[in-house]
Visitor: 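What follows is a structure written as structure tokens; I'll ask about it next.
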Amino acid sequence: MPNTVFRIILHLDMDSFYASVEIREHPDLAGKPVVVGADPLGGHGRGVVSTASYEARKFGIHSAMPISKAYRLCPDAIFITPHFSLYERTSARIMEILSRYSDKLEQVSIDEAYLDLTPAGTFETAKEIATRIKRAIREEERLTCSIGIGHSKVVAKIASDYKKPDGLTVVRPEETEGFLFPLPVEKIPGVGKKTARELHEMGIVLIGDLAHADIQRLQSRFGRWALAMQRLAFGEDEREVEQRDSARSISRETTFTEDTGDIDLILGVLDDLMKDVHHTMRDEGYMARTVTVKVRYEDFQTRQRARSLVHPATDLRQLNEIARTALLESLGSKKVRLIGVKLSGLRTREKNQKTIGDFG
Ligand code: TTP
Ligand code: MG
């Protein structure tokens, strides 16, 4: 039944992303109104606001507003010109954190991504994964994000925006209509100012109004977009999470026939697993930047440790070295039931060589 695909989709969006990264780099800015964008030049600057911290938003400042207007609204705000490469590097590390939880990862902008958590099986488990992702981003990057979980992309996306900042909103399939219907139609991605105005003129204000509107009436106004829009109002959205190459990973794991504390045996199995994933990686023409080692202990507790190189590598010895370090850090007094390895942060070798050639 192709129309009843059951999915669990997570959408993550970083909170006031550029501003939060700047505050992390300059902790004395915490709690202050921070505006990242063009130089205001004492109120005469041209250009726009990229983003504003939540404190600055209280003054009415928002993305895409002329910087001169932002200056008028709050001349005492801290104005910062953007440091794009800093945001890009931070974004890449956040995507790497996400890639630890599912291979099906789609980055949609610098601070936003979808993750397909269908294999997690239940919304309860997906919620636990979301909590772990939030914790990892807080601990490793000192940043907050908002996450939404739903049975389709549109529900997950609307849910991530529902309780910003630092939100986590889970909408189970049976809760979808109850969640969506009271929200304004503008919350539907793709319903911009113009569409919203036209809907309002038709007396359609809430998503629930749109869901129950007469389809012919909608079609006469919006043509082909009408049906898609009405389906989105019900949370119906067939789009899949589209995995990109850089989000791919190669992994293998082994369960020991008996739980073991024998370090030589565990390291031997690790070496074999690494040889195996390395072989696949070479065959497919990739190099890898991140190695993740998973250990499940006798009590079924599972721990994952990821280590990244500065540049992607193809050399087995180099990748093995970081896998061994990660493994040794994970071993304690408990016996081990299973170990696994994963290579991620993959880059195609051809592309990489071309890049080096272009600049060399
Ligand atoms: P958003 O996720 O739209 O905004 P945000 O992360 O700053 O705030 P929120 O907590 O509401 O999610 O965009 C991500 C980054 O993209 C943002 O930090 C700066 C940049 N951006 C622009 O440069 N111009 C824009 O008009 C928008 C919307 C974003
Ligand atoms: Mg954001």
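Each ligand, and each atom within it, is numbered from 1 in the order the structure gives.
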Visitor: Tell me, please, which residues at least two apart from Phe179 pass ring-ring contact (aromatic ring centres under 6.0 Å, His included).
Guide: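 Here the qualifying residues are Tyr162.
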Visitor: Less than 4.0 Å is my threshold; does some heavy atom of Lys164 fall inside it relative to ligand 1?
Guide: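 The answer is yes, since Lys164 has a heavy atom less than 4.0 Å from ligand 1.
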Visitor: Any idea which protein heavy atom is nearest atom 12 (O) of ligand 1, and the distance to it?
Guide: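 That would be Asp13 OD1, 2.9 Å.
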Visitor: Looking at ligand 1, is there an atom of it that comes within less than 4.0 Å of some heavy atom belonging to Ser16?
Guide: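 Judged by the 4.0 Å heavy-atom criterion, Ser16 does count as contacting ligand 1.
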Visitor: If the threshold is 4.0 Å, N to carboxylate O, is there a salt bridge linking Glu201 and Arg197?
Guide: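 No.
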Visitor: When clusters are formed by joining ILVMFWY residues with side-chain heavy atoms under 4.5 Å apart, either directly or through shared neighbours, do Ile188 and Ile149 land in the same one?
Guide: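 In one cluster: no.
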Visitor: Scan for ring pair (Phe, Tyr, Trp, His ring centres under 6.0 Å) pairs involving residues 98-128, sequence neighbours excluded, and state none if there are none.
Guide: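 Found His11-Tyr114.
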Visitor: Would you check if there is a donor-acceptor pair between the side chains of Lys334 and Gln301 at a distance under 3.5 Å?
Guide: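 Indeed, the side chains of Gln301 and Lys334 share at least one donor-acceptor pair under 3.5 Å.
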Visitor: Among the protein atoms near the Mg ion (ligand 2), how many are N, O or S and lie under 2.8 Å away?
Guide: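 Under the 2.8 Å cut-off, the count stands at 3.
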Visitor: Taking distance alone, with no angle check, do Asp15 and ligand 1 share an N/O pair under 3.5 Å?
Guide: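 N/O-N/O distance under 3.5 Å: no.
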Visitor: Decide whether Thr118 and Arg7 meet the rule of one side-chain donor and one side-chain acceptor closer than 3.5 Å.
Guide: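 Not at all, the side chains of Thr118 and Arg7 share no donor-acceptor pair under 3.5 Å.
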Visitor: Of the listed options (Phe84, Tyr87, Tyr18), which comes nearest to atom 20 (C) of ligand 1 when hydrogens are ignored and any heavy atom counts?
Guide: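 Checking each option, the heavy atom nearest atom 20 (C) of ligand 1 is found in Tyr18.
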Visitor: Any protein heavy atom sitting closer than 4.0 Å to atom 3 (O) of ligand 1?
Guide: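 There is no protein heavy atom less than 4.0 Å from atom 3 (O) of ligand 1.
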Visitor: Which atoms of ligand 1 sit under 4.0 Å from any heavy atom of Ser63?
Guide: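 Counting atoms of ligand 1 from 1, those under 4.0 Å from Ser63 are 25 (C), 26 (O), 27 (C), 28 (C).
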Visitor: If the condition is side chain to side chain donor-acceptor pair (under 3.5 Å), which residues does Arg57 pass it with, not counting sequence neighbours?
Guide: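 With neighbours one apart ignored, the set is Thr51, Tyr54.
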Visitor: For atom 29 (C) of ligand 1, which candidate among Ser50, Ser53, Ala19, Ser109 provides the closest heavy atom?
Guide: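 Checking each option, the heavy atom nearest atom 29 (C) of ligand 1 is found in Ser50.
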Visitor: Identify, by atom number and element, the atoms of ligand 1 in contact range of Thr51, meaning under 4.0 Å from any of its heavy atoms.
Guide: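 In order of number, 5 (P), 7 (O), 17 (C), 18 (O), 19 (C).
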Visitor: Between Tyr18 and Phe84, how do the two ring planes meet: parallel, tilted or perpendicular, split at 30° and 60°?
Guide: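 Plane angle over 60°, so perpendicular.
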Visitor: Quick one: nearest non-hydrogen protein atom to atom 1 (P) of ligand 1, plus distance?
Guide: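 For this ligand atom, the closest protein heavy atom is Asp111 OD2, 4.0 Å.
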Visitor: In terms of atom number and element, which parts of ligand 1 are under 4.0 angstrom from non-hydrogen atoms of Met14?
Guide: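 Near Met14, the atoms of ligand 1 are 6 (O), 9 (P), 10 (O), 12 (O).
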Visitor: Return yes if some donor-acceptor pair links the side-chain N/O of Asp237 with the main-chain N/O of Val154 below 3.5 Å, else return no.
Guide: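 Yes, because the side chain of Asp237 sits within donor-acceptor range (under 3.5 Å) of the backbone of Val154.
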Visitor: Which atoms from ligand 1 have a heavy atom of Tyr54 less than 4.0 Å away?
Guide: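 Per the distance check, 9 (P), 10 (O), 11 (O).
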Visitor: Under 4.0 Å from a heavy atom of Phe17: which atoms of ligand 1 are those, numbered in the order shown and with their elements?
Guide: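 Listed by number with element: 5 (P), 6 (O), 7 (O), 18 (O).
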Visitor: Scan side-chain atoms only and decide if Asp39 and Thr81 contain a donor-acceptor pair under the 3.5 Å cut-off.
Guide: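 No, because no side-chain N or O of Asp39 sits under 3.5 Å from a partner of the opposite role on Thr81.
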Visitor: For the residue pair Ser330 / Arg305, report whether a side-chain donor-acceptor contact shorter than 3.5 Å exists.
Guide: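 Ser330 and Arg305 do have a side-chain donor-acceptor pair below 3.5 Å.
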Visitor: Distance alone, cut at 3.5 Å: any donor-acceptor contact between the side chains of Ser20 and Asp15?
Guide: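 The criterion, which ignores hydrogens and geometry beyond distance, is not satisfied for Asp15 and Ser20.
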Visitor: Ion pair present between Asp13 and Lys157, side-chain N to carboxylate O less than 4.0 angstrom?
Guide: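 The answer is no: the pair does not qualify as a salt bridge.
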Visitor: Could you tell me which atoms of ligand 1, counted from 1 in the order shown, lie closer than 4.0 angstrom to a heavy atom of Arg57?
Guide: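 Numbered from 1, ligand 1 contributes 5 (P), 7 (O), 8 (O), 9 (P), 10 (O), 11 (O).
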